[in-house]
Amino acid sequence: MIEDLRRQLREICRVRLSLSEAELPPFSVEHPARAEHGDLATNLAMALARPLRRAPRELAGLLQAELRSLPGVERCEVAGPGFINLYYSKDHWRQVLPRVLETGPDFGRTRADRPERVQIEFVSANPTGPLHFGHGRGAVVGDVLARLLQFTGHTVEREFYVNDAGAQVRNLALSVVFRLRELRGLAGEFPADGYRGAYVIDLARRLPAALTKFLPGEPGEPDLRAIMDFCVEQNLADIQRDLAAFGVGMDRYASEREVLSSGRMQEVFAELERQGALEDREGARWFSAERFGDEKPRVLVKSDGSHTYFATDLAYHLDKLRRGFERLIDVWGADHHGYVPRMKAGLKAFGHPPEKLEVVLVQMVSLLRGGQPVVMSKRAGEIVTLREVIEEVGADAARFFFLLRSPDGQMEFDLELAKKRSLENPVFYVQYGHARLCSILARAAERGLPVPDPGSVRQADLGCLDHPLEIELLKVMARFPEAVLSAAQGRAPHLVVYYLQELVGRFHHYYTATARESPILSGDPARLTARLLWVQALRQVLQNGLALLGVSAPERMEQLPEEEGPA
RNA sequence: GUGCCCAUAGCUCAGCUGGAUAGAGCGUCGGACUACGAAUCCGAAGGCCAGAGGUUCGAAUCCUCUUGGGCACGCCA
């Protein structure tokens, strides 16, 4: 709608004011917060006032005459300092119904003006242990961003970068060896920077016999490599299982080892060398990142000869671009924010515009239980895993909660709250709305009332929908595609959540407001038909929104227990 | 010390590419079930948008400074 009007306004400016595209000042078109300001409002007249050296209200009057004759426009007013407020006819809004019901699951899908091949890298947790609950936020933000970008016309691939070559995996293997020896009653010393979590002991127990042959001696390098492989494989399998349980899918798992063995590293060094952007100093090899917008040089090869994480990650990012992606989106924990200029500098050195890489920083999550912080000791390896959270509150609630806040704000995640079947828990509010809509349709069928097929919407007399709240809901439905678009463009999945809360809220309001004098399942056949189509459309929009969030849309909510059992 | 993020109702947060009288949920108080699901709804109270300057027709939104929080500043990832 907004885009339609924007287009129409540009056209009017071109024809009536002989303004070229380039001469058009930026102007707003929005859904005003207040109903008295119409269905859509624009500040175009005010924006034009300065360049045209004419009074805003005078220009507004001029535009008003044109806007009045636009299809669907019922009223057009000039208000305040020069706002133009447009009111559309009820019939115009009723046309949302065929759009929703005929496109079904595709309602809200848009074609991007400029579709891009996007690669979105997220989670990318080290394969050194299970996913932490905090990974959940990045996982769901990345997942929903991918869904949103796809739904708005882009080609998206989701990728998980596995750091399977670094020192961390070696540390884990050493920790596993220590636990193994411990299990066998052999002496040993806990490795420096070792992993303390209980899962390390599990890994030691699960080591295949072939990998423990070195006992009671110490593992040689080949033994250790084999144990590293085993650990990576096991941990990755666990991670994949947890992501699947969380509704997060990946198209590809990229491996750091592959980057190292691909020859890409050599190419990276050769190119940097050619540019004189490499410097050997203090036994290490440095990239002159400060020449490309970063603060200072960064180490690529450590004095022990191994690559830094940055070195392989840069090669990996260059490889993504080589694969033809026009845009790279990385979802990182905010504690990595200092890393952004470094990576952009790296891309710049290779002639890529740094804007191609977009980093969505996801802020920290603090875990609470009934308002109290959950105590965790990272040192002792006591962490709350994503799996535990999913098992306790369910994937739907966990996803919804992570999506409730803008990614760039810190948030609290209260386990008790996420489990509550109550008003405090917004997941159930939205899901209940869907269940309620389903329930109405089920009840209609039960009573033998004719439930119209969505495909018959063009035959129905939609004029029967004349309750102000019914029209209001039509307007909200019509806004769905815009809500999706702004969520996608703003990399802000929470906007979809807010939209759904509004949609459901207005429906609940309508439901109770009409329950007494005019329930949905009442009235003459034409009216009933129109309302049942309206209900189906609402349900469809709700389903589409929930699908974007990866949250289920249950047909009925499980019954609450009448009372809590004895404690 | 330097850089990034944040500061909006008692609490948790939207709104931030400048627009009209700043919103929602929870919590508090008061109401609505012989009814399509009360897991819902209605109403009330609650604000110097951290503070101070600036930019302009117009600022929660943009700029500067201050204060108060978080994070990052390693040859860790």
Side-chain angles (χ1 to χ4, degrees), chain A residues 26 28 30 32-34 36-37 41-43 46-47 49-50 56 79-83 85 124-126 128 163 166-169 171 193 256 281-286 295-296 298-313 333-341 361 363-364 366 371 404-406 408-412 414 417 420-429 431-433 435-444 446-447 449 489-490 492 494-495 497-498 501-502 504-505 507-516 519-522 531 535 556-560:
Chain A
S28 72
E30 57 179 25
R34 311 184 147 271
E36 312 93 83
H37 297 146
T42 178
N43 70 347
M46 287 145 83
R50 198 190 311 252
F83 288 104
N85 299 330
S124 294
N126 278 345
T128 52
N163 285 109
Q168 296 310 314
V169 174
N171 285 340
D193 305 319
E256 185 182 11
R281 170 159 57 85
E282 299 159 32
R285 174 161 279 201
W286 305 69
E295 280 176 28
K296 50 188 175 188
R298 304 292 180 179
V299 173
L300 294 178
V301 184
K302 301 184 240 177
S303 49
D304 69 359
S306 65
H307 294 101
T308 56
Y309 174 85
F310 171 54
T312 49
D313 206 14
D335 52 345
H336 290 64
H337 72 258
Y339 201 79
V340 177
L361 294 171
Q363 291 284 343
M364 228 175 66
S366 39
L404 218 39
R405 309 284 174 238
S406 155
D408 62 9
Q410 297 174 21
M411 67 171 288
E412 298 182 339
D414 195 310
L417 185 56
K420 262 189 198 162
R421 266 60 175 169
S422 78
L423 318 183
E424 301 162 73
N425 190 335
V427 191
F428 294 96
Y429 183 78
Q431 288 185 322
Y432 175 54
R436 206 174 215 186
L437 288 160
C438 291
S439 167
I440 291 167
L441 294 166
R443 184 54 56 93
E446 234 170 71
R447 292 190 192 168
L449 299 169
Q489 288 172 343
H494 67 286
L495 294 181
V497 174
Y498 275 78
Q501 285 182 318
E502 185 189 346
V504 169
F507 167 65
H508 283 314
H509 170 65
Y510 166 84
Y511 183 93
T512 27
T514 57
R516 279 163 194 277
I520 295 170
L521 299 181
S522 68
R531 277 171 158 178
V535 165
R556 67 180 66 84
M557 304 299 282
E558 55 186 87
Q559 209 61 42
L560 269 183

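Lettering of chains follows the sequences in order, A, B, ..., and the numbering in each one begins at 1.
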At under 4.0 Å between heavy atoms, what does A:A41 touch on the DNA or RNA strands: base, sugar-phosphate, or nothing?
-> base
Counting any heavy atom closer than 4.0 Å, what does A:R516 reach on the DNA or RNA strands: base, sugar-phosphate only, or nothing?
-> base
What is the distance from CD of A:Q363 to P of B:A14, rounded to the nearest Å?
-> 11 Å
Integer angstrom distance from the C1' of B:C62 to that of B:U55 = 8 Å
Quick one: list whatever passes side-chain contact (heavy atoms from CB on, under 4.5 Å) with A:E295, sequence neighbours left out.
-> A:R298
Atom-pair distance (CE on A:M557; P on B:A38), nearest Å = 14 Å
Taking only N and O in the side chain of A:Y429, is any of them less than 4.0 Å away from OP1 or OP2 of B:C41?
-> yes
Please measure how far the P atom in B:U61 lies from the corresponding atom in B:A22, and state the result in whole Å.
-> 14 Å
Closest heavy-atom contact between A:N85 and A:A41?
-> OD1-CB, 3.4 Å
Spacing of the C1' atoms in B:A9 and B:G15 (rounded, Å) | 14 Å
Side-chain touch A:K302/A:T308, heavy atoms, less than 4.5 angstrom | yes
Rounding to the closest angstrom, what is the interatomic distance between B:C33 and B:G70 at atom C1'?
-> 47 Å
How is A:L441 classified with respect to the nucleic acid when contacts are heavy atoms under 4.0 Å: base, sugar-phosphate, or nothing?
-> nothing
Which of these nucleotides, B:G69, B:C41, B:C36, is closest to any side-chain atom of A:H509?
-> B:C41
With the side chain of A:I440 defined as its heavy atoms from C-beta on, choose the nearest nucleotide among B:C36, B:G15, B:C41.
-> B:C36
Is there a donor-acceptor contact under 3.5 Å linking the side chains of A:T312 and A:E256?
-> yes
Just checking A:N171: base, sugar-phosphate only, or nothing, at a heavy-atom cut-off of under 4.0 Å?
-> nothing
Every protein N/O within reach of nucleotides 21-23 of chain B N/O, cut-off under 3.5 Å:
| from | atom 1 | to | atom 2 | distance (Å) |
| --- | --- | --- | --- | --- |
| B:U21 | O2' | A:R34 | NH2 | 3.0 |
| B:U21 | O2 | A:R34 | NH2 | 2.6 |
| B:U21 | N3 | A:R34 | NH1 | 3.4 |

Assign each of A:N43 and A:R447 to its nearest nucleotide of RNA chain B by heavy atoms, then name whichever residue's nucleotide is nearer the 5' end.
-> A:N43
Do any side-chain nitrogens or oxygens of A:H494 fall under 4.0 Å of OP1 or OP2 in B:A14?
-> no
Sequence neighbours left out, what passes side chain to side chain donor-acceptor pair (under 3.5 Å) with A:R405? Give chain and number order.
-> none
For A:Y510 and B:C36, give me the distance from atom OH to atom P, rounded to whole Å.
-> 15 Å
Given B:C13, B:A38, B:C36, the nucleotide with the shortest approach to the side chain of A:I520 | B:C36
Protein-nucleotide distance (A:M46, atom CE; B:A59, atom C1'), rounded to Å | 14 Å
Any chance you could encode RNA chain B as dot-bracket? Rule is Watson-Crick or G-U wobble with both distances under 3.5 Å; [ ] for pairs crossing earlier ones, | for another strand.
-> (((((.((.[[[[.)...(...]]]].(((((.......))))).....[[[[[..)....]]]]]).)))))....
Interatomic distance, A:D408 CG vs B:A14 C1' [rounded to whole Å] = 12 Å
Taking the same atom, P, in B:A77 and in B:A72, what whole-Å distance lies between them?
-> 16 Å
Residue among A:H508, A:E502, A:Q501 satisfying side chain to side chain contact (heavy atoms under 4.5 Å, CB included) with A:V504 = A:H508
Classify every nucleotide of nucleotides 72-77 of chain B by which part a protein heavy atom approaches to under 4.0 Å, writing B for the base, S for the sugar-phosphate alone and - for neither, in 5'-to-3' order.
-> SS-BSB
Is B:C33 in the syn range, within 90° of 0, or in the anti range?
-> syn
4.5 Å side-chain heavy-atom contact, A:R436 and A:Y511 = yes
For B:C75 and B:U8, measure between their P atoms and round to the nearest Å.
-> 37 Å
Rounded to the nearest angstrom, tell me the gap between atom CZ in A:F83 and atom P in B:C57.
-> 15 Å
Would you say the side chain of A:L300 lies within less than 4.5 Å of the side chain of A:W286, judging by non-hydrogen atoms?
-> no
Atom-to-atom span, NE2 of A:H508 to P of B:A24 - whole angstrom = 17 Å
What integer number of Å spans the P atoms of B:A60 and B:G23?
-> 13 Å
Protein N or O to nucleotides 44-47 of chain B N or O, pairs below 3.5 Å:
none

On RNA chain B, nearest-nucleotide positions of A:G505 versus A:S406: which is more 5'?
-> A:S406
Nearest whole angstrom, please: distance from the P of B:C26 to the CD of A:Q501.
-> 10 Å
With P as the reference atom in both, quote the distance from B:C71 to B:G10 in angstrom, rounded to an integer.
-> 26 Å
